[in-house]
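Atoms within a ligand are numbered from 1 in the order they appear, just like the ligands themselves. Worth saying up front: this structure is predicted, and the values here are computed from it rather than measured.
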Amino acid sequence: MTLAAKISLGCIADDYTGASDLANTLTRAGLRTVQTIGVPADDLALPEVDAVVVSLKSRSIEAGLAVSRSRAADKWLRGRGASHVLFKICSTFDSTDAGNIGPVMDALRADCGEGAVLVTPAFPETGRTVYQGNLFVGAVPLNESPLKDHPLNPMHDSNLVRVLARQSRTQIGLVDLATVTRGADAVRARLAELASKGIGAAIIDAVFDRDLETIGLVAAEHRLSVGASGIGLGLARALVSTGKVKSAAASGATGAAVGGPAACLAGSCSQATLQQIANAERVMPVLHLDPDRILTGAGEAQRALDWARPRLAEGPVLIASSSTPDQVAALQARHGRDAAGHAIEQTMADIAESLVRSGVRRLVVAGGETSGAVVDRLKISGFLVGVEIAAGVPVLRAVGDGGAMLLALKSGNFGGAEFFSDALRLMR
Ligand SMILES: Nc1ncnc2c1ncn2[C@@H]1O[C@H](COP(=O)(O)OP(=O)(O)O)[C@@H](O)[C@H]1O
Ligand SMILES: O=C(O)[C@@H](O)C(=O)COP(=O)(O)O
């Protein structure tokens with residue numbers, strides 16, 4: 001990989017949609033940013049950039065593996081000159097008591113010798129705010145939000161000090177909103193106080209972007225932070241305001257139109273995606289996969305391809321495995337949670353691979369794990385960030401040898417009611 005100058009900000013994202021969300025935020029804040037899939041190969045040619053977001057698919061894997069992959073990414077980023085690394089997690093703190101936020105944070109902290117790490121999933125633009133250590137999704141606490149029904153990591157506790165303490169070996173403190181409101185010096189003093197007590201990480205409250213700017217100023221003086229796109233925004237603005245990065249036009253990559261057939265794949269079962277699929281039915285053909293047939297190996301991918309191929313010449317199609325929480329729970333009771341998730345993800349990857357072989361060059365994928373499985377199968381090595389479709393979701397242009405291709409990787413919870421047609425309109 002040819003990165004001429006040293007990078008100013010290194011990021012490790014625990015899933016691919018999260019990575020594109022962060023890359024979008026950094027780009028819009030003026031940082032020239034590239035998203036890589038995994039730790040880049042040495043021969044990957046990329047333009048000169050300020051920030052690199054290494055995308056891992058480490059959110060829902062065994063904690064030890066998540067740690068080793070994250071450490072490898074961290075080593076690579078620091079080797080390219082990144083003095084600060086942001087570990088990008090989900091704005092809804094998606095994790096279980098086994099990890100992987102705590103174990104990865106502990107390992108990265110030990111590697112860089114950080115005192116107390118600032119942690120916040122706040123991302124006000126998408127309604128994620130943190131107050132007194134409690135995460136709110138819109139107007140409701142995390143444990144009352146649709147995340148309570150997530151297929152892989154249902155979230156039942158909105159108090160992140162408690163949630164992170166269950167996953168981490170270090171004690172977890174709190175930097176409250178009153179302190180953040182007093183400014184960067186107050187945050188610095190509180191963080192030093194926590195570190196002096198041996199507290200290794202602190203959830204920090206943030207409700208507005210200005211809170212994240214304060215947090216970013218302090219975080220940028222440290223080696224490591226943990227959070228979602230909001231803290232990315234704060235870090236990027238801090239790097240620009242302190243002159244460490246010369247702000248580029250916040251445009252994003254353009255490029256020649258790609259054209260050709262377009263398809264959408266949805267594996268997210270979030271409330272937002274279910275609504276987006278229902279709305280897409282009015283404007284494009286939609287095929288609902290039968291999850292039981294996927295689990296019993298009954299040729300569901302082939303059925304989907306036979307359905308899609310003759311329709312592609314007429315316009316975009318959407319193929320969805322998504323079901324309601326009751327249906328997800330019933331399927332998982334019959335087949336097991338991990339087996340169900342894995343089989344459906346791999347079927348989505350099978351379908352994506354065959355669609356691309358059939359000429360599809362514009363692909364919208366809904367769901368973080370689903371996007372990970374699809375992008376891995378397509379062997380894409382990285383993305384340049386294009387225009388924003390919705391908060392947290394940019395158009396992505398694949399880099400590498402696979403030919404011109406545009407993708408949108410949508411976090412299950414993101415996007416407006418007409419997301420699929422909004423995306424396709426911008427993916428030319
Ligand atoms: N009908 C279904 N029943 C059970 N699990 C499903 C179904 N459809 C998709 N899944 C699985 O649910 C998980 C959704 O996660 P993900 O793709 O990350 O979406 P999100 O972005 O909403 O978190 C994936 O593992 C996917 O394979
Ligand atoms: O921070 C966020 O909410 C997103 O960037 C993200 O990580 C979403 O994860 P998925 O919903 O699993 O796509």
Side-chain angles (χ1 to χ4, degrees), residues 11 13-25 35 53 55-61 86-95 101 120-128 135 137 142 145-147 149-155 226-233 265-274 276-277 288-295 300 319-349 365-375 390-394 408-415:
C11 307
D14 68 352
D15 83 346
Y16 297 6
T17 46
S20 70
D21 163 18
L22 177 62
N24 177 55
T25 298
Q35 175 182 353
V53 183
S55 328
L56 301 180
K57 191 175 186 298
S58 58
R59 186 175 291 171
S60 305
I61 61 177
L86 166 62
F87 173 39
K88 160 70 175 70
I89 56 160
C90 191
S91 65
T92 47
F93 220 77
D94 292 21
S95 55
I101 298 173
T120 186
F123 188 16
E125 197 182 349
T126 56
R128 276 59 157 166
L135 175 57
V137 177
L142 176 66
S145 79
L147 271 296
D149 298 316
H150 191 279
L152 303 178
N153 44 257
M155 301 304 290
V226 176
S229 269
I231 196 166
L233 177 87
L265 299 173
S268 165
C269 299
S270 75
Q271 207 174 73
T273 302
L274 292 175
Q276 289 156 354
I277 295 168
H288 293 274
L289 297 172
D290 180 335
D292 266 310
R293 284 173 57 97
I294 291 175
L295 268 296
E300 197 62 354
I319 298 171
S321 69
S322 319
S323 310
T324 60
D326 287 352
Q327 291 166 325
V328 169
L331 188 86
Q332 291 180 338
R334 286 194 292 279
H335 302 281
R337 185 187 71 173
D338 292 346
H342 180 76
I344 296 171
E345 287 169 33
Q346 288 309 310
T347 297
M348 285 301 195
V365 189
E369 297 296 328
T370 310
S371 295
V374 166
V375 169
V393 197
L409 308 179
K410 188 192 81 78
S411 156
N413 299 294
F414 285 176

### Ile344-ligand 1 polar pair, N/O distance under 3.5 Å
no
## Note on the structure
Within the 4.0 Å heavy-atom cut-off, what Phe414 brings close to ligand 2 is side chain
### Query
Hey, is Arg337 one of the residues with a heavy atom under 4.0 angstrom from ligand 1?
no
### Query
N/O of His150 under 3.5 Å from N/O of ligand 1, yes or no?
yes
### Task
Flag Asp94 as yes when one of its N or O atoms lies below 3.5 Å from any N or O atom of ligand 1, and as no otherwise.
no
### Task
Would you mind telling me if ligand 2 is within reach of the side chain of Leu22, the backbone, both or neither, using heavy atoms under 4.0 Å?
neither
### Task
Among Ser411, Ser322, Ser268, find the residue that satisfies the side chain to side chain donor-acceptor pair (under 3.5 Å) test when tested with Thr273.
Ser268
### Task
Return yes or no for this condition: an N or O of Gly368 is under 3.5 Å from an N or O of ligand 1.
yes
### Query
Is any N or O atom of Gln332, backbone or side chain, closer than 3.5 Å to an N or O atom of ligand 1?
no
## Note on the structure
ligand 2 atoms nearer than 4.0 angstrom to some heavy atom of Cys90 are 1 (O), 2 (C), 3 (O), 6 (C), 7 (O), 8 (C), 9 (O)
### Task
Check each of Glu369, Arg128, Arg59 against atom 12 (O) of ligand 2 and report the one with the nearest heavy atom.
Arg59
### Query
Side chain of Glu300, backbone of Asp290: donor and acceptor closer than 3.5 Å?
yes
### Query
What is the nearest protein non-hydrogen atom to atom 9 (C) of ligand 1, stated with its residue, atom name and distance?
Gly267 O, 3.0 Å
## Note on the structure
If you scan protein heavy atoms around atom 11 (O) of ligand 2, the nearest is Ser411 OG, 3.0 Å
### Query
Near Ser323, which atoms of ligand 1 are under 4.0 Å from a heavy atom of that residue?
1 (N), 2 (C)
### Polar atom proximity, Ser321 to ligand 1 (N or O, under 3.5 Å)
yes
### Query
Do any nitrogen or oxygen atoms of Thr370 come within less than 3.5 Å of a nitrogen or oxygen of ligand 1?
yes
### Within-cut-off N or O pair, Asn413 and ligand 1, under 3.5 Å
no
### Query
Would you say Ser270 and His150 make side-chain contact, with heavy atoms under 4.5 Å?
no
## Note on the structure
min-distance protein heavy atom vs atom 3 (O) of ligand 2 -> Ser91 OG, 2.5 Å
### Which of the ligand 1 atoms, numbered from 1, are nearer than 4.0 Å to a heavy atom of Leu331
3 (N), 4 (C)
### Message
Need the ligand 2 atom indices (1-based, order shown) with element for anything under 4.0 Å from a heavy-atom of Asp15.
### Response
7 (O), 9 (O), 10 (P), 12 (O), 13 (O)
### Message
Can you confirm whether Phe93 sits close enough to Asn153 that some side-chain heavy atom of one is under 4.5 Å from a side-chain heavy atom of the other?
### Response
no
### Query
Counting only heavy atoms not in His288, do more than 12 fall under 6.0 Å of its NE2?
yes
### Query
Sub-3.5 Å donor-acceptor pair from the side chain of Gln276 to the main-chain atoms of Phe414, do we have one?
yes
### Query
Are any of the N/O atoms in Glu345 less than 3.5 Å from those in ligand 1?
yes
### Numbered atoms of ligand 1 (with element) below 4.0 Å of Gly341, judged on heavy atoms
25 (O), 27 (O)
### Message
Suppose we measure from atom 18 (O) of ligand 1 to each protein heavy atom; which comes out shortest, and what is that distance?
### Response
Glu369 N, 2.7 Å
#### Entry: Protein heavy atom at shortest distance from atom 4 (C) of ligand 2
Asp21 OD2, 3.5 Å
### Message
At less than 4.0 angstrom from any non-hydrogen atom of Lys88, what atoms of ligand 2 do you find?
### Response
1 (O), 2 (C), 4 (C), 5 (O), 6 (C), 7 (O)
### Message
Is there a polar contact between ligand 1 and Gly412, counting only N or O atoms under 3.5 Å apart?
### Response
yes
### Task
Under 4.0 Å from a heavy atom of Pro151: give me the atoms of ligand 1 that qualify, with their elements.
12 (O)
## Note on the structure
the protein heavy atom lying closest to atom 13 (O) of ligand 2 turns out to be Thr17 OG1, 2.7 Å
